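Note sheet for the following structure.
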Protein chains: 2
Amino acid sequence: MEGVDHLADERNKADFDVEQMKIVWAGSRHAFDLSDRISRLVATDPVFRKDDRTMLGRKELFKNTLRKAAHAWKRINELRLTEEEAYKLRFFVDQPAFTDLHWGMFVPAIKGSGTDEQQQKWLPLAYKMQIIGCYAQTELGHGSNVQGLETTATFDPKTDEFVIHSPTLTSSKWWPGGLGKISTHAVVYARLITNGKEHGVHGFIVQLRSLDDHSPLPGITVGDIGMKFGSGAYNSMDNGVLRFDNVRIPRNQMLMRFSQVTREGKFVHSSVPRQLVYGTMVYVRKTIVTDASIALSRAVCIATRYSAVRRQFGSQNGGIETQVIDYKTQQARLFPLLASAYAFRFVGEWLNWLYTDVTQRLQVNDFSTLAEAHACTAGLKSLTTSATAASSLNLQDGIEECRKLCGGHGYLNSSGLPELFAVYAPACTYEGDNYVLLLQVARHLMKTVSQLDSGNKPTGTTAYLGQVEKLLQYRSDVQRAEDWLEPNVLLKAFEARAAWLSVACAQNLSKFTNPEDGFQALSADLAEAAVAHCQLIVVSKFLEKLQQDIPGKGVKQQLQVLCGVYALFLLHMHLGEFLSAGCITPKQGSLANEQLRSLYSQVRPNAIALVDAFNYTDHYLGSVLGRYDGNVYPKLYEEAWKDPLNESIVPDGFHEYVQPILKQQLRNARL
Amino acid sequence: MEGVDHLADERNKADFDVEQMKIVWAGSRHAFDLSDRISRLVATDPVFRKDDRTMLGRKELFKNTLRKAAHAWKRINELRLTEEEAYKLRFFVDQPAFTDLHWGMFVPAIKGSGTDEQQQKWLPLAYKMQIIGCYAQTELGHGSNVQGLETTATFDPKTDEFVIHSPTLTSSKWWPGGLGKISTHAVVYARLITNGKEHGVHGFIVQLRSLDDHSPLPGITVGDIGMKFGSGAYNSMDNGVLRFDNVRIPRNQMLMRFSQVTREGKFVHSSVPRQLVYGTMVYVRKTIVTDASIALSRAVCIATRYSAVRRQFGSQNGGIETQVIDYKTQQARLFPLLASAYAFRFVGEWLNWLYTDVTQRLQVNDFSTLAEAHACTAGLKSLTTSATAASSLNLQDGIEECRKLCGGHGYLNSSGLPELFAVYAPACTYEGDNYVLLLQVARHLMKTVSQLDSGNKPTGTTAYLGQVEKLLQYRSDVQRAEDWLEPNVLLKAFEARAAWLSVACAQNLSKFTNPEDGFQALSADLAEAAVAHCQLIVVSKFLEKLQQDIPGKGVKQQLQVLCGVYALFLLHMHLGEFLSAGCITPKQGSLANEQLRSLYSQVRPNAIALVDAFNYTDHYLGSVLGRYDGNVYPKLYEEAWKDPLNESIVPDGFHEYVQPILKQQLRNARL
């Protein structure tokens, strides 16, 4: 049966040009070619196989990671890959490793916060991997609140050194990836103290381990923090714990681009604007949004293909059963996630533009858009990662819902979904806890609303708040279900709902004498207002995408359908807010639901082609259920026999623990 | 610091008698004493330690399970435990094992479907564990649709035997726990064929392995299906695959209580009513509802205690930070789950009564309440397991939300939450997929509504539909936030919403010429109507519980607060349905939300005592974050060093894979 495409019929049903859709998904022809080439390179290399990964014990898994990282480095050098290609190669190896932090955090931290001199000294070493670095910020007792970090860096003018110290147990660095067993260096964040005065948290380059024998340097206690969620997953990473006992480093290892400590121990700010730090945050978070669309699309791809393979019920007289993808409950759970994957892809694309725009402005000291851009990326990070993992935050369950859509078999590691969920779950917490971020967005919204009267015109994604009076009066004129397909009808409803929630919060806040007390008391409502604002951004950017010229037979039409699914699904899930805002009536809400059902029927014949457009190799998907050829059952059966328990007929422990029971002549219990 | 109670201040804050609440939670003084005694017995026995479980490889983990099962059996016999005590002991060992299926499915299947003669032959063997059995129903290609099973049992009159056979790959038995490596026998479900005619699916007792050397008997292929979600978790169970190649069993191994095959091969029904089978389903599912309250309460206990230990932000001038449990966003996520745990506990208690009632009626051939009881338990199984795992189905995220409420540290296995989630997740799928079950409930609702005109008076949990006209006209008279505390105000709003959704679905269904087409097309809406009905049941049973005499200072008051939290949280999450039904206004919805916020403040000082009332030992909780004494950080730090990666300073693979990179004089890449 090898080589037979069990999903060929499904593929023939599609009414659009899937090759063109692949380009749209990738973002450009160049991006498509790059991903396509590198993903195949990885998929065909036996060193990068991952089907046995969840069966490895911690030590074997970690060793396997080191092996893959070394092999990736070898291939990158042999093939003389560009930086972009090298990044893609590590991406498709698809196994969290110390190199992620070296390239993704250590190098950027030095680039972003180091002086030119520091960059000249440290970057060449890092680029050649003659040192390996990590990013040591969070502590056992301190995550979100960076200003609360306890590690200290005290300047000693006698020796021209900083003394790095962990004064308490809770100040132990905790979580940094790559720290536990591998990194030779770290950028360590610590409270700067000089001349007895504190000057906030700053970064310091600290060597952790000997470059000769890899043993921790004097005064340094370092190790792995133990296993994490799932088998495989992030257990390939050595997240670490680190304590300092008065470790000394030269003064020039403080990252001094923004502030300096002089030879005399004087703390001075440089002329470089500190706002640049926010630019980095925008960068990291926009990457996370793109990653959300990737993780969600992987899960959706698996669940969609398997839903077309799996049959259950509906047979008459012992005939063939119905494909589960034909059930409306399956569609109502699966297709909104498919639409979300596309929606997040496009909002990620827009964030790329936003980041470029912000960066260009920063270069000419224009900070006018920074606050809005920062709030917007924070909110979108929160929204997309929550929807992708599993979270009631915005009423979508992402990867975990896809697992359940695969029924019992989704619970097997060979489905790929348990590991995908486990490896993705921390995205809701790292780089800003999702609730903390929503409250930042809410603060920005409240500030924007409060300044409306003073004539401050809101810009960017908050521009709609400039028309708040009109929006509060807005009443949708939808009369028939298909009226909901009008882009402007959708947009206005989402704007009116978001505006109403923000204004309602602002009004409630004004009842408090101390605004901060009000903000705390109303924070759950404020988070909901922030979600509504972020959903509006995603909907509006999807609608904007559809304004572009999109070539390829039927491609734009499919995206219009998906945009409708995304928006109307959200409307259905958050109906109470739309009705409370008064912008739609219950009858219009019911028409929206009717239209949504009809859109599901339009997605159905195109579903397989829409997930084929992600262009994932079977290696990258890592799922028996999601195989391109749909040959699921024989492969599931094959996989089962690879389990270590099947190495022997009679399992270890049987003779010792079970046989004596079977053979017993025990005095019986009272049973 | 050992022995210091870091949560003592929290415990002193409580305004109710926690010892009395423990009795309420347990259900009775007897139930409390039993759980308390047996849980401590398990907790203090070193064989039952489980803190290293997630670090074990599959084979070690499985061997560890066999050891625990043998030790449990030994203790049960030594201590001459009663059946009830033995069940509790296995429960508190808290590690899925083949014995779960032996006692929970194999024995009950023989009791429920075997003739007296069969019971006399097989049950003594099973009670003494001289045979070990499992329950082989689901197949690789068939889960929910039991009637679609492909395995055949063909009667051979020549030898007076059944021939059990797996005609296809997809007919391989797949998933049965205990099957993979341990069971000697199975109850196998197969299509009965006699004289060339099919007679539906029946159960057969089949020996799988030799009682001498444990090797599979001729014609039998059996093994483990491979690893599943999470580390530890269900990987301690040998879920299995099983194929038959014309395996012969004597005719008297068909379970013949309901139907028989005679010596001549004639298929005949016995006089025993087949409806008894539904009684068994009611039994199994009511147990699952109770298990949901237990799993959710464990997660809530961990998250609540840790939320009182963890501090973040809010410090002035470097002072102590705010306990995260004091943040309203934390409360708005955590307290509804705490309330749900109690709500599910009480609805489980009510289901116990329902089951007893149904059983007594069945004994006198009264089947009048069976359909309603069956729909009701199916729905509650779906509702409570979805809310406990993580599911957008009813907008609650249960265990996974508790994990996120613990921030980054919730992702560590030592928090206990990853394993709790992984081990609980399949409850949404087994014993009836949650969506399939909701549609069964919806069918029952539609039938009930359609028979209203013909004067059929609905009973039990559907009784409110008898007043459907009144409910559709119902308009809440809430004027102030505190009006929402009136039990009748809550109840009527939930009844009106549920009635409206059912009637709306019935009206939409009536537009289809073929009702079955309509049912398929509207199934997503029907599932929502079923959820609303089930939520009404939980709310109404909580309110009924509060009508009882509940002794103990402040105990009833606390439960009233939790009932309000549960109901008003649901109202807030499903506001669109209440507004669409017209039973409340947007203003009343907003007052409900206001009241909800005020209830959170009332829960806050009692939160720790409310989770103490679950009376879980630290062993059973299995969480460093959820420790009774709140001594979290030192223990997290201690746990970290136990990871296998920390056995050596320089990890396996470093010299082979990392050192060559650090020492390289490679020709550089284009980087």
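Order of the sequence lines sets the chain letters (A, B, ...), proteins ahead of strands, with each chain counted from 1. All heavy atoms count here, side chains included; hydrogens, waters and symmetry mates do not. Keep in mind that what you see is a predicted model, and the values were worked out from it rather than measured.
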Below 4.5 Å from any heavy atom of chain A, which atoms of [X] appear? Answer side chain, backbone, both or neither.
{"X": "B/Ala521", "value": "backbone"}
{"X": "B/Asn593", "value": "side chain"}
{"X": "B/Thr329", "value": "both"}
{"X": "B/Glu647", "value": "side chain"}
{"X": "B/Ser648", "value": "backbone"}

In Å and rounded to the nearest 0.5 Å, what is the [atom1] to [atom2] distance from [X] to [Y]?
{"X": "A/Lys59", "Y": "B/Asp643", "atom1": "NZ", "atom2": "CG", "result": "9.5 Å"}
{"X": "B/Lys404", "Y": "A/Cys428", "atom1": "NZ", "atom2": "SG", "result": "4.5 Å"}
{"X": "B/Arg311", "Y": "A/His142", "atom1": "CZ", "atom2": "NE2", "result": "11.5 Å"}
{"X": "A/Asp224", "Y": "B/Leu645", "atom1": "CG", "atom2": "CG", "result": "5.0 Å"}
{"X": "A/Arg403", "Y": "B/Phe229", "atom1": "CZ", "atom2": "CZ", "result": "5.5 Å"}

Sorted by chain and number, sequence neighbours left out, side chain to side chain contact (heavy atoms under 4.5 Å, CB included) with A/Gln520 holds for A/Glu516, B/Tyr327
If one checks every heavy atom of A/Ala524 against chain B at 4.5 Å, the contacting part turns out to be both
Cut-off 4.5 Å, heavy atoms of chain B, and the answer for A/Ser580 is both
Donor-acceptor pairs under 3.5 Å, side chain of residues 651-662 of chain A to any protein atom, not counting sequence neighbours: which ones?
| from | atom 1 | to | atom 2 | distance (Å) |
| --- | --- | --- | --- | --- |
| A/His655 | ND1 | A/Gln659 | OE1 | 3.0 |
| A/Gln659 | NE2 | B/Asp212 | O | 3.3 |

Would you please indicate if the ring centroids of B/Phe421 and A/Phe421 are separated by under 6.0 Å? yes
Answer key: most heavy-atom pairs under 4.5 Å with chain A among B/Gly232, B/Pro644, B/Gly57 is B/Pro644
Under 4.5 Å between any side-chain heavy atoms of [X] and [Y], yes or no?
{"X": "A/Ile225", "Y": "B/Glu639", "value": "no"}
{"X": "B/Gln330", "Y": "A/Tyr435", "value": "no"}
{"X": "A/Lys181", "Y": "B/Val650", "value": "no"}
{"X": "A/Lys328", "Y": "B/Leu522", "value": "no"}

*asked:* Tell me whether A/Asp525 is salt-bridged to B/Arg597, with the criterion being a basic N under 4.0 Å from an acidic carboxylate O.
replied: yes
Here the pair of heavy atoms bringing B/Tyr637 nearest to A/Ser172 is CE1-OG, 3.8 Å
Nearest heavy-atom contact between A/Trp174 and B/Ala640 is CH2-CB, 3.7 Å
Parallel under 30°, tilted from 30 to 60°, perpendicular over 60°: which one fits the rings of B/Tyr411 and A/Trp175? tilted
